[in-house]
Amino acid sequence: MLEQLSDIRERAMAALAAVDSLTALDAWRTEYLGKKSFVTAALKSIGQLPPEDRPVVGKAAHELRLALEAALEEARQRVLALEQERAAQAERVDVTLPGRPATLGRLHPITQILYEIYSIFAEMGFQVYDAPEVETDELNFQLLNLPPDHPARDMWSTFYTTRDGILLRTHTSPGQIRAMRQFCPEPIRVILPGRVYRYEAVTARSESMFHQVEGLAVGPRITMADLKGVLTDFARRLYGEHRQVRFRCSYFPFTEPSMEVDVSCALCDGAGCRVCKHTGWVEIAGAGMVHPQVLRNGGYDPEQFTGFAFGMGPDRIAMLRYGIDDIRYFYSDDLRFLAQF
Ligand code: PHE
């Protein structure tokens with residue numbers, strides 16, 4: 001029995017020296033000091049020994065237990081320090097690493113195009129004039145020669161509000177009336193940018209909300225030559241010096257005569273491609289000379305004043321510029337898309 005006890009001591013101490021984690025330490029404690037350990041069994045069995053052996057074996061077993069307990073405590077300190085060291089290594093922070101760069105915001109591609117348009121027109125003396133997106137039927141339609149039930153209202157599918165006569169503007173043209181009423185009787189050179197709304201199915205080519213930039217010039221001797229000059233100059237500054245510009249007859253109730261403005265396709269240089277639908281031309285604006293009745297509605301005497309107006313779509317311009325084939329990308333708030341501009 002005494003020999004066994006001293007064997008156990010040796011084995012236990014050797015095993016303890018190899019313990020390097022709290023889990024292993026716990027296992028060691030169970031094996032050498034637990035209920036089923038040899039030492040515990042030895043202490044319990046003393047009663048069955050011959051009386052003369054009891055003091056010697058009892059003392060030896062008791063001493064062994066004290067020694068193992070003391071060794072356990074010592075080992076616990078050592079293992080704790082080890083574990084702390086290990087945790088510190090694992091969670092170590094390298095203070096010399098550079099910080100994570102803060103992601104910078106940027107302007108939406110449509111906003112970038114708008115700013116470009118503003119600066120081109122600013123150089124031609126046009127100032128930006130803001131007009132509301134929620135409009136009256138009167139300004140959006142009636143004062144632009146579109147009385148209720150006029151068939152040309154079919155050109156604009158409209159979002160009406162529950163308030164009678166209040167709607168979301170279908171184009172930026174009502175801003176013409178607002179600008180005229182504010183500036184009359186002075187001459188005017190303004191552009192009116194902003195969102196417009198149409199009650200239409202959302203597709204790759206059309207959203208129910210998009211942008212327009214309206215232009216309006218009113219003065220004593222403004223002619224169609226001014227309109228053509230301004231739009232040609234604009235198109236060449238925006239799309240490139242050698243772009244061709246053409247004017248096609250069209251119809252708008254608030255301009256007379258009216259026209260549609262095309263530029264030669266910047267992608268195929270007029271040769272014909274998918275973007276220009278193989279015509280070589282891309283439509284960029286509707287335009288015309290301000291209708292005398294519209295001038296009158298704005299407060300101007302059409303005998304004294306003439307004017308031109310145009311409306312263009314910066315979303316389309318951005319799509320052409322960046323080769324984007326689906327307008328919905330602009331409004332889907334996807335940073336993976338937006339971060340590319
Ligand atoms: N408001 C017209 C549209 O939305 C465009 C336009 C503006 C045409 C100004 C002529 C003059 O289609």
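When a ligand or atom number is given, it counts from 1 through the structure's own listing order. Computed from a predicted model, the values in this text were never measured in an experiment.
With H171 as the partner, the ring pair (Phe, Tyr, Trp, His ring centres under 6.0 Å) test is satisfied by one option alone out of F254, F310, Y197, F210: F254. The only option from R316, R248, K277 that meets the salt bridge (charged side-chain N to carboxylate O under 4.0 Å, His left out) definition with E283 turns out to be R248.
The two residues L25 and R76 come nearest to each other via the heavy atoms CD2-CA, 3.6 Å. Here the closest heavy-atom approach between residue I46 and residue G58 is recorded as CD1-CA, 3.2 Å. Closest approach of V213 and T172 over heavy atoms only: C-OG1, 4.2 Å.
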Y32 and L16: CA distance, side-chain angles, deciding distance, side chain to side chain contact (heavy atoms under 4.5 Å, CB included) verdict: CA-CA 10 Å; Y32 294 103; L16 190 60; over 6 Å; no
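When heavy-atom distances to ligand 1 are checked against 4.0 Å, the residues falling inside are W156, H171, S173, Q176, R198, Q212, E214, F252, F254, T255, G286, A287, A309, F310, G311, ordered by chain and number.
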